[in-house]
Engineer: 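Handing you this structure, nothing more for now.
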Amino acid sequence: MTYKMVDVSSIQGNPDWERAAEDGIQGAILRIRDSKGVDRSWEYNYRTCGEVGIPRGAYRYSYALTVAQARAEAREVLRTLDGRKLELGVWLDLEWSRQRELGSRKVKQLARVWMQEIRSAGYPCNVYCNLEWYQKLLQGLDAKYWIARYPKRDTGVLINSLRPRVGEKIWQYSSKGKVAGIFGKVDLDEWTGKLLIGASGGESGNPYEDSGKVLFFQPLLAGIAREDVRWLQWELREAGYQLQVDGRFGPKTDLALRAFQAAHGLKADGKCGPATRAALRGNVG
């Protein structure tokens, strides 16, 4: 299933989101900060999209050239979010020419640090870039991708032959779209697959995908980040256990899982199978 979406900033002013929804917009990714601070339209867009029922995400254009700067940018995003719900997660916008000069290895390092800061707070965090950046600098990250690719003579029309086809979660197919209720030209996007409903704020709905496999601590695999482990960590956080949602099944996740099992009358074996999943989802009598 696909969803028609837009991404906006203060450049678009204060859109009439009710009219945009009537015009077929099913989601919006909002700029949360720029180099000067909080985006001027952020609070309005976040509140009004919520009132209209349009799922929301947040993005930030990164100017980080060092690990410390990447971490600081991500923490500023978290302070602005202040624990509020985001249905579409946080997106790291990587396109600055000075970052490109650093090379793939360094840019990936910055992206990992940036995303880890956001994910540790329980929000899904992934990467925006154009197709060339993906191919030459950023592919292979533990992330979903939002890929920009549109024609030189962009008229706001989706041209299917330009679809990136690299497994992207979102395709930004135009920068010159027209949407009722939104001033001027606007970026148009197509989201593929389920929405990340309930990404934060303590509301129900795990934004990560569960593989259904038995999950347990394996020392040789502890350093590998996995989506299904994020699913488990998110559920354990919702149950009150203090964990980073980093996708790595280490000793802390093992300890929290065993404590959860013991508290729910399950065998505390550290293995997340059908019975533990039912308890995590609240489907036990």
Side-chain angles (χ1 to χ4, degrees), residues 3 5 7 27 29-33 55-64 67 69-71 73-75 77-78 81 86-96 99-100 102-149 163-172 187 189-200 206-211 221-234 243-249:
Y3 299 84
M5 306 176 67
D7 57 276
I29 303 182
L30 319 170
R31 187 170 71 177
I32 186 168
R33 297 184 67 95
R56 301 152 297 187
Y59 79 90
R60 177 171 183 171
Y61 186 112
S62 175
Y63 293 96
V67 166
Q69 289 171 346
R71 187 171 289 116
E73 282 186 351
R75 289 176 178 174
V77 168
L78 290 176
L81 283 171
L86 276 182
E87 296 86 355
L88 307 179
V90 177
W91 295 85
L92 165 60
D93 182 344
L94 291 170
E95 53 183 301
W96 192 30
Q99 288 175 328
R100 184 188 179 107
L102 299 175
S104 177
R105 183 177 178 180
K106 181 64 175 180
V107 174
K108 284 183 178 180
Q109 180 190 27
L110 299 178
R112 291 187 184 102
V113 169
W114 210 103
M115 289 190 292
Q116 177 54 35
E117 285 292 324
I118 302 295
R119 290 171 177 175
S120 68
Y123 291 96
C125 185
N126 296 288
V127 172
Y128 167 93
C129 62
N130 65 36
L131 183 60
E132 183 185 23
W133 271 62
Y134 170 82
Q135 293 171 333
K136 295 184 177 181
L137 294 169
L138 290 168
Q139 64 177 310
L141 285 168
D142 173 32
K144 294 179 173 63
Y145 291 90
W146 173 11
I147 304 291
R149 190 188 190 195
R163 189 179 297 275
R165 302 185 192 282
V166 295
E168 64 276 1
K169 183 68 175 175
I170 317 175
W171 171 27
Q172 186 184 82
D187 295 338
D189 308 277
E190 183 181 78
W191 177 291
T192 301
K194 73 174 186 178
L195 299 178
L196 304 179
I197 301 299
S200 185
N206 193 322
Y208 302 104
E209 295 182 11
D210 179 18
S211 66
L221 301 178
I224 300 174
R226 294 164 48 188
E227 179 83 355
D228 54 2
V229 174
R230 286 201 184 96
W231 174 87
L232 172 60
Q233 291 169 328
W234 192 94
L243 283 175
Q244 288 191 347
V245 184
D246 61 6
R248 295 172 173 82
F249 200 130

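Heads up: numbering here begins at 1 and tracks the sequence.
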Engineer: Which distance, rounded to the nearest 0.5 Å, do you find between the SG of Cys129 and the CG of Leu138?
Structural biologist: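 Reported to 0.5 Å precision, the distance equals 5.0 Å.
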Engineer: Is the closest basic N to carboxylate O distance between Glu132 and Arg100 below 4.0 Å?
Structural biologist: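 Salt bridge flag = yes for Arg100 with Glu132.
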Engineer: Evaluate the criterion side chain to side chain contact (heavy atoms under 4.5 Å, CB included) for residue pair Arg60 and Arg31; output intermediate values, then yes/no.
Structural biologist: CA-CA 6 Å; Arg60 177 171 183 171; Arg31 187 170 71 177; over 6 Å; no
Engineer: Distance only, no hydrogens: is a donor on one side chain within 3.5 Å (strictly under) of an acceptor on the other, for Trp133 and Glu95?
Structural biologist: no
Engineer: Can you confirm whether the side chains of Trp171 and Asp189 place a donor and an acceptor under 3.5 Å from each other?
Structural biologist: no
Engineer: Which atom names give the shortest non-hydrogen contact between Ala74 and Glu117, and what distance separates them?
Structural biologist: CB-CB, 3.5 Å
Engineer: Short question: side chain of Gln139, backbone of Gln135 - any donor-acceptor pair under 3.5 Å?
Structural biologist: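 Yes; at least one donor-acceptor contact below 3.5 Å.
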Engineer: Do the side chain of Glu87 and the main chain of Arg56 share a donor and acceptor less than 3.5 angstrom apart?
Structural biologist: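 Side chain of Glu87 to backbone of Arg56, a donor-acceptor pair under 3.5 Å: yes, one is there.
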Engineer: What is the distance from atom CZ of Phe249 to atom CG of Asp228, rounded to the nearest 0.5 Å?
Structural biologist: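 Rounded to the nearest 0.5 Å, the CZ-CG separation comes to 10.0 Å.
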Engineer: Pairing donors with acceptors under 3.5 angstrom, does anything connect the side chains of Gln99 and Ser62?
Structural biologist: yes
Engineer: Report the C-alpha distance between Lys144 and Glu168 in whole Å, list the side-chain angles of each, state the deciding distance to 0.1 Å, and finish with yes or no for side chain to side chain contact (heavy atoms under 4.5 Å, CB included).
Structural biologist: CA-CA 7 Å; Lys144 294 179 173 63; Glu168 64 276 1; over 6 Å; no
Engineer: To the nearest 0.5 Å, how far apart are CD in Glu227 and CG in Asp210?
Structural biologist: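 So the CD of Glu227 and the CG of Asp210 are separated by 10.0 Å.
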Engineer: Measuring only between side-chain heavy atoms, which start at C-beta, is Thr192 closer than 4.5 Å to Tyr3?
Structural biologist: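 No. Closest side-chain heavy atoms not under 4.5 Å.
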Engineer: Is any side-chain heavy atom of Leu102 closer than 4.5 Å to one of Leu110?
Structural biologist: yes
Engineer: Is a salt bridge present between Asp142 and Arg230, judged by a nitrogen-to-oxygen distance below 4.0 Å?
Structural biologist: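 Counted as a salt bridge, because a side-chain N and a carboxylate O are separated by less than 4.0 Å.
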Engineer: So, for Ile147 and Pro164, which heavy atoms are closest and what is the spacing to 0.1 Å?
Structural biologist: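 Of all heavy-atom pairs spanning Ile147 and Pro164, the closest is CG2-CG, 3.6 Å.
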Engineer: Which pair of non-hydrogen atoms, one from Ala121 and one from Leu78, has the smallest distance, and what is that distance?
Structural biologist: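 That would be CB-CD2, 3.6 Å.
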Engineer: Would you please indicate if the ring centroids of Trp91 and Tyr128 are separated by under 6.0 Å?
Structural biologist: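 Not under 6.0 Å, so no.
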Engineer: Grab the two heavy atoms, one from Ala111 and one from Leu94, that are nearest each other, plus how far apart they are.
Structural biologist: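 Shortest heavy-atom contact: CB-CD1, 4.0 Å.
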Engineer: Side-chain contact test, heavy atoms from C-beta onward, threshold under 4.5 Å: evaluate it for Gln116 versus Gln244 and give yes or no.
Structural biologist: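 Counting from C-beta outward, Gln116 and Gln244 do come under 4.5 Å.
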Engineer: Under 3.5 Å, is there a donor on one side chain and an acceptor on the other for Asp246 and Gln233?
Structural biologist: yes
Engineer: Under a 3.5 Å cutoff, is there a donor and acceptor pairing between the side chains of Gln172 and Asp7?
Structural biologist: yes
Engineer: For the pair Tyr59 and Trp146, evaluate side chain to side chain contact (heavy atoms under 4.5 Å, CB included) and give the outcome as yes or no after the intermediate values.
Structural biologist: CA-CA 11 Å; Tyr59 79 90; Trp146 173 11; 4.2 Å; yes
Engineer: So which heavy atom on Arg71 is nearest to which on Val113, and how close?
Structural biologist: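 Between these two residues, the closest heavy atoms are NH2-CG1, 3.8 Å.
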Engineer: If I compare all heavy atoms of Pro124 with all of Ile118, which pair ends up nearest, and what's the gap?
Structural biologist: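 Smallest interatomic distance, heavy atoms only, reads O-CG2, 4.4 Å.
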Engineer: Measuring from atom CZ of Arg163 to atom CG of Leu131, what distance do you get when rounded to the nearest 0.5 angstrom?
Structural biologist: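 So the gap between those two atoms works out to 13.0 Å.
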Engineer: Nearest 0.5 angstrom please: Leu92 CG to Arg112 CZ, how far?
Structural biologist: 12.5 Å
Engineer: Carefully, step by step, assess Asn126 and Arg119 under the rule side chain to side chain contact (heavy atoms under 4.5 Å, CB included).
Structural biologist: CA-CA 9 Å; Asn126 296 288; Arg119 290 171 177 175; 3.6 Å; yes
Engineer: Gln109 side chain to Val107 main-chain N or O, any donor-acceptor pair under 3.5 Å?
Structural biologist: no
Engineer: Between Arg226 and Gly247, is there a donor-acceptor pair closer than 3.5 Å when you use the side chain of the first and the backbone of the second?
Structural biologist: no
